[in-house]
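Letters A, B, ... mirror the listed sequences (proteins, then strands); counts begin at 1.
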Amino acid sequence: MARYFRLLLVRLRVSVQLGSQYRSDFLVGGVMALFWLSWNLVPMWVVWQKRPMIAGWSFPEALLVAAWFTLMRGVLEGAVQPSLVAVVEHIRQGTLDFVLLKPADAQFLVSTAKFESWRAADAIGALVIGGYALHRVAHPPAASAIAVALLLTLAGAAVLYAVAIVVVAAAFWVVRLDNLIYLFNSIFDAARWPLTVFRGFWRILFTFIIPLGLITTYPAMALLNKLDWPTALRALGGAMLFVALARVAWTRALKHYTSASS
Amino acid sequence: MSRTLKAFPTLLRIGLAEAIAYRAEFFIWMLTMTMPLIMLALMSTLAEEAPIGNFDSPRFVSYYLATLIVRQLASSWMVWEMMREIREGTLSMRLLRPIHPLSGYAAESLASIPMRALFSTPIALIALYATSGRDVTRDPALIFAFVLSVAGAWLLNFCISSIIGTLALYLDSSIAIWELWLGGFMIFSGYLLPLSLFPPWFQTLAHVLPFSYLQALPVEIITGLHGRSGAFWELGHQWLYALSALGAMLLFWQRAIKRFSAFGG
């Protein structure tokens, strides 16, 4: 365990060093991230202008969900996807062999291959939006609410990672995958809205199959004291189930791997 | 010119064959345009309590399904391919052919429309059924204007994509410019939210910018949000934009292509 932790630190350091090699990219990326962040709030702002409360959410409360969305998109595009896109390239060229030969778990190695450090701007933006939203909501959250929110954030990040691993596992069968990643990203965009504004089919889809609710809405609800304990516990259980499923999908996919070259 | 016209049917056939050959990818690619469906679910739920602006729940259904169809028919994604070919130098294959490379791109883009239409027809039928066609215009003049506006939207979209794609001959990061363009498109074109829900100053701005002519105009015409004179007046604006973009594209390409240098053989 300690060895994997050290390995993770080494890889993070390498990514930051690689990132700071292209300083202008780093800066431009960060600035652009902040621009997109505010730009993406425009539809929300327009809709809440028309109505003060929507499906039980006031505008500041919905902003809190948007803050979590921003954070999680940073996690997705900064920490999860860059590495996994690289796996697809490995599979296509058969160079996954070299990863499999290394004396560490392959899933760990491929998932920590690359981090986009300028995505930290998303975390800063999320803090700004979240801080503003909490200020407008007026009553500060209790310590226990903050703890639950943090726990659910970790669970949400784990689910995001698990879904991504499942998508990558699919790459062992269907090699062209960039489209699947685009598809996932376009669906993930829906997570910026509180889950309860959706009904019927979409509600079920975003609660159970692609649990966007768990990733952005539940942590915000926890912070607002709107989440009951059973739901929180079920969410945590569901997250663990997703991670376990992803592990199974990955090991099964790996068995299916046949080196492409030579 | 006549050479291009003679080659065009063949180019279209090749493009269609490619679209069919990569149908699974094509299908997933089209699924990525689910944003209007998500917005539809959202807005029609909200409008159930009371109309939002001048939109009630069925009107949102018509609006977003028309949005989806127009997006399928009028969008052009060749900017990615163009930038890749410029970067990798494979553009030289196109330059060797005895027709204008941009005609080749246009043919590929047009050839995918039958497949896209195949995807759009069921959506159109669902829309008609779900709202009993309440908001769809029955005026033949307006239907004619709709067809022209979709064609105009495609042309404008194609020319602007080409211009941004050609920028790859000057800039390393032309993708960033395309993304900025898409960002403007999302808000100003009526793709995410109908423009009439925005504040008035914003609508004026959206009216001056080209984005609304790519998306909102055909949707507004077919869902009966414009009268005859309004529709044709706006259509005039759109085609003015489209033809100016066409001229700009041709001039820019001529200058820019001189910078092209291919690698390898």
message: Rounded to the nearest 0.5 Å, what separates atom CD1 in B:I187 from atom CH2 in A:W39?
response: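 Between B:I187 CD1 and A:W39 CH2, I get 5.5 Å after rounding to 0.5 Å.
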
- request: To the nearest 0.5 Å, tell me how far A:R199 CZ sits from B:L46 CG.
  value: 8.5 Å

For atom [atom1] of [X], decide whether the heavy atoms of other residues, nucleotides or ligands shown that lie under 6.0 angstrom number more than 12.
X: B:M93; atom1: CE; result: no
X: B:Y170; atom1: OH; result: yes
X: A:F208; atom1: CZ; result: no
X: B:R134; atom1: CZ; result: yes

Toward chain B, the part of [X] with a non-hydrogen atom under 4.5 Å:
X: A:F201; value: neither
X: A:R51; value: side chain
X: A:F206; value: side chain

message: If you define the side chain from C-beta out and look only at heavy atoms, does anything of A:V47 sit under 4.5 Å from B:M43?
response: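 Yes, side chains in contact.
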
task: Work out which heavy atom in B:P199 is nearest to a heavy atom in A:W45; give both atom names and the distance.
output: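 Where B:P199 meets A:W45 most closely, the heavy atoms are CG-CH2, 4.1 Å.
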
message: If I compare all heavy atoms of A:F198 with all of B:A41, which pair ends up nearest, and what's the gap?
response: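 Taking A:F198 first and B:A41 second, the nearest heavy atoms are CD2-CB, 4.2 Å.
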
task: Check whether B:A50 gets within reach of chain A through its side chain, its backbone, both or neither, counting any heavy atom under 4.5 Å.
output: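 Answer is both: backbone and side chain atoms of B:A50 are under 4.5 Å from chain A.
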
- request: Heavy-atom distances under 4.5 Å only: say whether B:M39 touches chain A with side chain, backbone, both or neither.
  value: side chain

query: Which residue, B:L40, B:L42, B:T45, B:I38, forms the side chain to side chain contact (heavy atoms under 4.5 Å, CB included) with A:W202?
result: B:I38

- prompt: Which residue out of B:L197, B:L192, B:L37 racks up the most heavy-atom pairs below 4.5 Å with chain A?
  reply: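 Looking at each option in turn, the highest pair count goes to B:L197.
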
